[in-house]
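Have a look at the structure below before the remarks.
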2 protein chains.
Amino acid sequence: MANSKAISSAVIRRLPRYYRFLGELISSGCIRISSRELSDKMSLTASQIRQDLNCFGGFGQQGYGYNIEELHEEIGKILGLDHKTDAILIGAGNLGRAVTNHMDFDNRGFQLVGIFDQNEELVGQKIKEIEVMHTNNIESFCQTHSPLVAILCIPKTATKSISDRLIPLGIKGFWNFSHYDLLDRHPGIIVENVHMSDSLMTLSYKISQLQKEE
Amino acid sequence: MANSKAISSAVIRRLPRYYRFLGELISSGCIRISSRELSDKMSLTASQIRQDLNCFGGFGQQGYGYNIEELHEEIGKILGLDHKTDAILIGAGNLGRAVTNHMDFDNRGFQLVGIFDQNEELVGQKIKEIEVMHTNNIESFCQTHSPLVAILCIPKTATKSISDRLIPLGIKGFWNFSHYDLLDRHPGIIVENVHMSDSLMTLSYKISQLQKEE
DNA sequence: TAGATTGTTAATCGATTAACAATC
DNA sequence: TAGATTGTTAATCGATTAACAATC
């Protein structure tokens with residue numbers, strides 16, 4: 001099974017993309033696909049796809065290819081989408097609200113169970129059926145509900161102190177949208193940084209290069 | 001200069017992070033830093049930092065290290081943050097509004113010059129001083145203002161058709177937030193996908209692994 | 001000058017691609 | 001069975017790390 005050799009993060013980062021493409025293939029009624037065909041659709045090499053999938057097991061069949069629905073389900077399991085992890089959102093500003101409304105947590109392995117903000121005006125409002133609580137209540141909430149993951153949509157200045165406060169409460173993973181670089185220096189703590197700002201600067205770089213070429 | 005050998009995308013993706021850390025060092029009043037010290041702060045190797053920076057030029061001084069402000073400015077220039085590229089936003093829903101309000105476009109090399117949505121109710125509303133226009137007006141707006149970049153905050157079903165519509169209007173780069181995988185198959189067109197959904201699934205994977213270990 | 005730290009070359013490591021025997 | 005396509009090993013490529021001479 002999986003744990004025999006550690007899976008490289010390059011492979012892991014490709015899994016959601018496979019999952020997405022396979023989901024679309026299911027919607028369009030396809031039944032089977034070869035690594036060759038999939039590589040065309042995804043702009044990868046067939047070799048890489050086979051290599052990637054074989055980190056987890058032999059999901060294909062020689063001479064046939066892969067059963068799309070089966071492979072989709074297997075990758076879903078590998079990604080842990082077959083069970084829900086409780087998550088809380090810290091920060092119900094523009095971004096926090098957009099993330100709450102926009103993300104399909106249920107189909108991505110999570111359940112949003114609490115929303116917190118320190119702005120009194122937001123407390124009591126409902127976002128997607130969930131009432132915003134004051135950040136003062138984080139401790140008691142975590143003690144009762146034991147969420148494992150926190151989504152951080154707060155200013156970068158608050159990120160360090162909030163994460164230091166959440167870790168002793170049992171939070172093991174952070175989905176960090178703040179422009180602060182949360183490093184996973186605590187052993188056993190997982191950080192997934194989004195860094196939209198870095199993404200925008202990368203685009204700026206590429207656009208600049210394009211203009212230089214002309 | 002830069003163009004002698006193509007810079008690998010691994011290096012480019014690290015540049016915004018350098019830029020961010022250097023900016024913070026400036027705020028905290030530091031003047032100079034060695035690759036060693038910076039590598040500690042950023043959890044990299046000193047070797048990698050020197051290697052990365054030397055893709056663009058010798059910004060350091062033997063025996064001294066790097067002047068933080070100078071290096072910050074140089075990286076800013078490399079990223080193209082010293083001039084503004086006009087951008088339009090397509091989709092003024094939750095996510096589009098959050099992106100508009102949340103991102104510091106001015107300091108990331110862009111200026112947001114137009115916002116479009118097909119929802120009549122949103123048309124005429126103002127977001128950050130910019131009035132939302134109906135998507136019907138995209139053509140005339142682009143002909144007049146010639147924006148180079150489009151930010152896509154629209155459902156995945158609309159992404160392909162909108163991008164096909166924007167490219168003939170002179171849009172050269174896409175910052176794509178939709179869950180659709182916009183591939184840069186058109187020559188000369190740049191795509192930067194955000195894929196928050198993939199990021200969330202990656203977190204799900206890591207959390208699952210953590211739970212298995214226990 | 002001596003000490004520090006860069007820029008840069010060489011060595012290592014890891015990831016991707018190619019090839020092909022196994023097998024459905 | 002013959003054809004197709006996988007799983008897997010070997011070859012290649014690229015990125016990271018180590019080492020050190022150059023030099024401020």
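Naming: A, B, ... by sequence-line order, numbering from 1 per chain.
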Using a strict heavy-atom distance below 4.0 Å, which residues from residues 60-77 of chain A are in contact with DNA chain C? A/Q61, A/Q62, A/G63
Take atom NZ of A/K84 as the centre, draw a 6.0 Å sphere, and report whether it contains more than 12 heavy atoms from other residues, nucleotides or ligands. yes
If we only count heavy atoms from C-beta on, is the A/F105 to B/L200 side-chain gap below 4.5 Å? yes
On DNA chain C, compare the nucleotides closest to B/S34 and A/V11; which residue's is nearer the 5' end? B/S34
note: A/E37, atom CD; D/dA4, atom P; distance rounded to Å ~ 13 Å
By side chain to side chain donor-acceptor pair (under 3.5 Å) - contacts of B/S178 (at least two apart): B/T159, B/N176
Is the shortest heavy-atom distance from the side chain of B/S208 to the side chain of A/H83 under 4.5 Å? yes
Do we get B/R32 above B/Y66's six-membered ring, with its NZ or CZ under 6.0 Å from the centre and within 45° of the axis? no
What is the distance, rounded to the nearest whole Å, between atom CZ of B/R13 and atom P of D/dG14? 18 Å
What integer distance in Å separates B/R14:CZ from D/dG14:P? 16 Å
Counting just side-chain N and O atoms, does A/R32 come under 4.0 Å of either OP1 or OP2 of D/dA4? no
Just the rounded figure in Å: distance from C1' of C/dG14 to CD1 of A/I7. 14 Å
Hey, what are the protein-to-nucleotides 9-13 of chain C N/O distances that come in under 3.5 Å?
residue, atom, partner, partner atom, Å
C/dT9, O4, B/Q51, NE2, 3.1

Measure the CZ-SG distance between B/F116 and B/C153 for me, rounded to the nearest 0.5 Å. 14.0 Å
In whole angstrom, what separates B/I12's CD1 from D/dA15's C1'? 14 Å
With a 4.5 Å cut-off on side-chain heavy atoms, are A/L89 and A/V132 touching? no
Dot-bracket encoding per residue of DNA chain D, Watson-Crick/G-U cut-off under 3.5 Å, | denoting interstrand: ..||||||||||||||||||||||
May I ask you to test the B/L38-B/M42 pair for a side-chain heavy-atom distance under 4.5 Å? yes
Could you check how far CD1 of A/I49 sits from C1' of D/dT5, rounded to whole Å? 13 Å
Sub-4.5 Å side-chain heavy-atom contact between A/Y19 and A/L81: yes
With the side chain defined as heavy atoms from C-beta on, A/N54 is closest, among D/dA15, C/dT17, D/dG7, to D/dG7
From CZ of A/F59 over to P of C/dC24, roughly how many Å is that when rounded to an integer? 17 Å
Partners passing side chain to side chain donor-acceptor pair (under 3.5 Å) against B/E37 (at least two apart in sequence or in another chain): B/S34
Given D/dT17, D/dT8, C/dG7, identify the nucleotide with an atom nearest to the side chain of B/Q48. D/dT17
Of the candidates D/dT6, C/dT17, D/dA15, the side chain of A/T45 sits closest to C/dT17
From the set C/dA15, D/dT6, D/dG7, return the single nucleotide nearest to any side-chain atom of A/S8. C/dA15
How would you label the contact of B/S47 with the nucleic acid (heavy atoms, under 4.0 Å): base, sugar-phosphate, or nothing? base
Taking only the side-chain nitrogens and oxygens of B/R50, find out if one of them lies under 4.0 Å from OP1 or OP2 of C/dT6. yes
List the residues meeting side chain to side chain donor-acceptor pair (under 3.5 Å) with B/K128, not counting sequence neighbours, and say none if there are none. none
Between D/dA4 (P) and A/I33 (CD1): distance, integer Å: 17 Å
I want to check something: taking the side chain as every heavy atom from C-beta on, are B/I31 and B/E69 in contact at a cut-off of under 4.5 Å? no
